[in-house]
Amino acid sequence: MTQNTSAYTSSLLRLLSERGYIHQVTDAAGLDALAAKQIVPGYIGFDATAPSLHVGSLVQIMMLRRLQQAGHKPIVLMGGTTTKVGDPSGKDESRKMLTSEGIAANIASIRTVFEKLLTFGDGPTDAVMVDNDTWLSALGYVDLLRTVGPHFTINRMMTFDSVKLRLEREQPLTFLEFNYMILQAYDFRELALTAGCRLQMGGSDQWGNIVNGIELTRRMESTEVFGLTTPLLTTADGAKMGKTAAGAVWLNDDALPAWDFWQYWRNVDDRDVGRFLRLFTDLPLDEIARLESLGGSEINAAKVVLANEVTKLVRGAEAAAAAEATAAATFAGGGVGQDLPSLECPGGSITLIDALVGLAFAASRGEAKRLIAGGGARVEGQAVTDDAHVIALNGAEVRVSSGKKKHGVLRPA
């Protein structure tokens with residue numbers, strides 16, 4: 001069930017393979033043959049636990065974009081019901097309960113990012129967004145268990161990593177969460193019946209859930225469907241994508257400033273540049289090969305290209321241009337870029353601790369004190385180690401930095 005390294009005949013699997021998306025395929029030859037002869041509707045599911053997805057979900061969104069670029073139909077499945085249950089995959093704790101109204105508001109907010117990366121409409125390859133609450137809420141629970149339950153065994157379910165790892169860590173796995181894989185499998189069967197969906201994609205942690213859906217669809221409907229997963233996506237130093245010391249790197253405009261989003265990509269590890277250009281941009285592969293071959297300090301030019309291209313896709317061309325201009329003014333020119341995070345100071349002065357907290361460079365006053373003590377706080381480029389330091393603006397803007405890469409500006413009110 002692993003990736004077949006021989007040449008693919010379909011543009012879909014060639015594109016996914018060349019850009020590094022393929023980790024496992026349930027039947028690579030069968031999917032390749034199907035994609036070479038007809039439009040393949042394919043889906044990925046997203047739960048709506050917050051008003052925005054973060055960078056960790058971007059590779060999945062880009063897979064749907066690649067599906068559409070190859071002439072196939074993306075289905076964005078929002079988990080209106082499964083969000084209420086909680087996917088235990090990769091989680092050590094149970095999910096916080098959300099109201100139906102909160103989930104609906106999150107879905108509406110999340111859709112705005114998909115609309116930038118996919119073409120929605122009624123055409124054969126236009127993307128559609130559906131909500132599994134449409135069918136799952138209409139099912140009586142006993143009816144669902146009677147219909148679907150016989151096709152699952154506890155023995156098999158206990159072998160999946162999402163269950164096994166939680167139990168090995170001695171973390172509670174609720175019966176509610178245990179049902180998640182049944183509901184996700186039912187989603188695949190429902191989409192196969194109502195939308196002709198033949199492919200489910202997802203991260204490698206979803207392999208067990210995807211296989212469940214394939215087996216359920218085959219047993220109940222005698223329909224052949226396929227699964228494809230991406231490799232576990234981590235940075236070169238082993239960190240999980242989308243997480244930083246400052247928190248999640250959110251995709252939505254109102255969840256994270258464009259400057260911070262741009263900076264995340266500008267500051268990636270040198271070793272990640274080529275891989276991220278293939279996964280997260282539409283640049284031609286030969287141009288990516290040229291950029292990732294740059295050595296020494298020249299690799300920074302490739303990082304700027306990466307930051308610009310991803311920010312253009314997710315936030316728009318204007319946001320990318322503004323962030324790049326801010327970077328040029330801040331780093332190259334030693335000035336203060338317009339797109340930097342800012343804080344107004346009504347009294348004309350502010351303590352360095354309050355400035356660091358107000359600019360979100362520290363989550364608390366204690367964290368700000370530790371940053372200062374460690375030499376990581378700078379005012380106009382000069383390190384300040386006195387946690388009682390007061391910054392006087394004297395009617396002018398003052399730049400405050402945390403380390404070498406995070407900068408903000410204090411402005412007179």
Side-chain angles (χ1 to χ4, degrees), residues 18-21 23 52-63 65-66 113 116-117 203-204 230-253 255-317 319-332 337 339-341 360-361 376 401-408:
E18 288 170 350
R19 288 191 170 259
Y21 291 95
H23 176 57
S52 173
L53 300 174
H54 61 65
V55 162
S57 297
L58 187 56
V59 70
Q60 310 304 329
I61 302 174
M62 290 300 294
M63 275 229 290
R65 182 176 175 87
R66 302 302 182 211
V113 167
K116 294 175 182 175
L117 291 155
S204 59
T230 58
L232 176 65
L233 195 60
T234 58
T235 58
D237 60 5
K240 195 171 183 180
M241 277 290 293
K243 299 286 187 180
T244 69
V249 182
W250 300 106
L251 300 182
N252 278 51
D253 295 352
L256 182 76
W259 162 254
D260 290 324
F261 184 82
W262 188 93
Q263 275 286 98
Y264 173 78
W265 299 99
R266 168 60 183 82
N267 293 332
V268 299
D269 190 293
D270 293 359
R271 296 166 291 176
D272 288 325
V273 172
R275 183 165 60 111
F276 287 179
L277 283 167
R278 281 185 284 275
L279 289 171
F280 300 114
T281 81
D282 288 338
L283 288 179
L285 292 174
D286 55 353
E287 174 63 6
I288 293 173
R290 182 190 72 79
L291 288 167
E292 70 177 327
S293 70
L294 296 175
S297 61
E298 288 186 339
I299 194 67
N300 289 327
K303 293 182 184 182
V304 170
V305 172
L306 172 65
N308 282 341
E309 292 298 317
V310 181
T311 305
K312 273 187 217 172
L313 284 175
V314 178
R315 299 298 188 86
E324 184 181 15
T326 291
T330 303
F331 299 109
D339 207 32
L340 288 178
F361 293 163
S401 306
S402 171
K404 296 180 179 179
K405 295 177 178 178
K406 295 181 71 174
H407 305 276

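These numbers come from the heavy atoms of this one structure, side chains and all, not from hydrogens, waters or symmetry mates. Here the structure is a predicted model, which means the values were calculated and not measured.
Evaluation of the side-chain contact (heavy atoms from CB on, under 4.5 Å) rule for Glu324 yields Trp262, Val304, Asn308 as partners, not counting sequence neighbours. With sequence neighbours excluded, no residue satisfies side-chain contact (heavy atoms from CB on, under 4.5 Å) with Ala301. Here Glu18 pairs with nothing under the salt bridge (charged side-chain N to carboxylate O under 4.0 Å, His left out) rule; sequence neighbours left out. Taking the side chain to side chain donor-acceptor pair (under 3.5 Å) definition, one finds that Thr235 meets it with Asp237, sequence neighbours left out. Taking the side-chain contact (heavy atoms from CB on, under 4.5 Å) definition, one finds that Ser401 meets it with Arg378, Arg399, His407, sequence neighbours left out. Applying the salt bridge (charged side-chain N to carboxylate O under 4.0 Å, His left out) criterion to Asp270, with sequence neighbours excluded, gives Lys303. For Arg66, the side chain to side chain donor-acceptor pair (under 3.5 Å) partners at least two apart in sequence or on another chain are Tyr21, Gln69, Asp282. Among residues two or more places apart in sequence or in another chain, the salt bridge (charged side-chain N to carboxylate O under 4.0 Å, His left out) test is passed with Arg266 by none. Residues forming a side-chain contact (heavy atoms from CB on, under 4.5 Å) with Asn252 (at least two apart in sequence, or on another chain): Ser52, Ser109, Thr112, Val113, Asp254, Ala255. With sequence neighbours left out, Phe361 forms a ring pair (Phe, Tyr, Trp, His ring centres under 6.0 Å) with no residue at all. Remark: Asp260 pairs with no residue by the salt bridge (charged side-chain N to carboxylate O under 4.0 Å, His left out) rule, at least two apart or across chains.
Distance check: Leu277 CG to Asp272 CG gives 10.5 Å after rounding to the nearest 0.5 Å. Atom OG of Ser57 is separated from atom CE of Met63 by 11.5 Å, given to the nearest 0.5 angstrom. Rounded to the nearest 0.5 angstrom, Thr230 OG1 and Leu279 CG are separated by 8.5 Å.
Residues Thr281 and Lys312 have side chains not in contact (no heavy-atom distance under 4.5 Å, counting atoms from C-beta outward). A 4.5 Å side-chain heavy-atom check between Arg278 and Leu285 finds at least one atom pair inside the cut-off. The side-chain heavy atoms of Lys116 and Leu313, taken from C-beta on, include no pair separated by under 4.5 Å. For the pair Leu294 and Leu291, the minimum side-chain heavy-atom distance is below 4.5 Å.
Between Ile61 and Leu251, the closest heavy-atom pair is CD1-CD1, 3.7 Å. Nearest heavy atom pair, residue Phe261 against residue Val55, reads CE1-CG2, 3.9 Å. Closest heavy-atom contact between Leu232 and Ser204: N-OG, 3.5 Å.
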Q: For the pair Val305 and Val273, evaluate side chain to side chain contact (heavy atoms under 4.5 Å, CB included) and give the outcome as yes or no after the intermediate values.
A: CA-CA 10 Å; Val305 172; Val273 172; over 6 Å; no
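Residue pairs meeting the ring pair (Phe, Tyr, Trp, His ring centres under 6.0 Å) criterion with at least one member in residues 279-310, sequence neighbours excluded: Trp265-Phe280, Phe276-Phe280.
A salt bridge is defined here as a Lys NZ or Arg NE, NH1 or NH2 lying under 4.0 Å from an Asp or Glu carboxylate O, and Glu292 with Arg275 fails to meet this definition.
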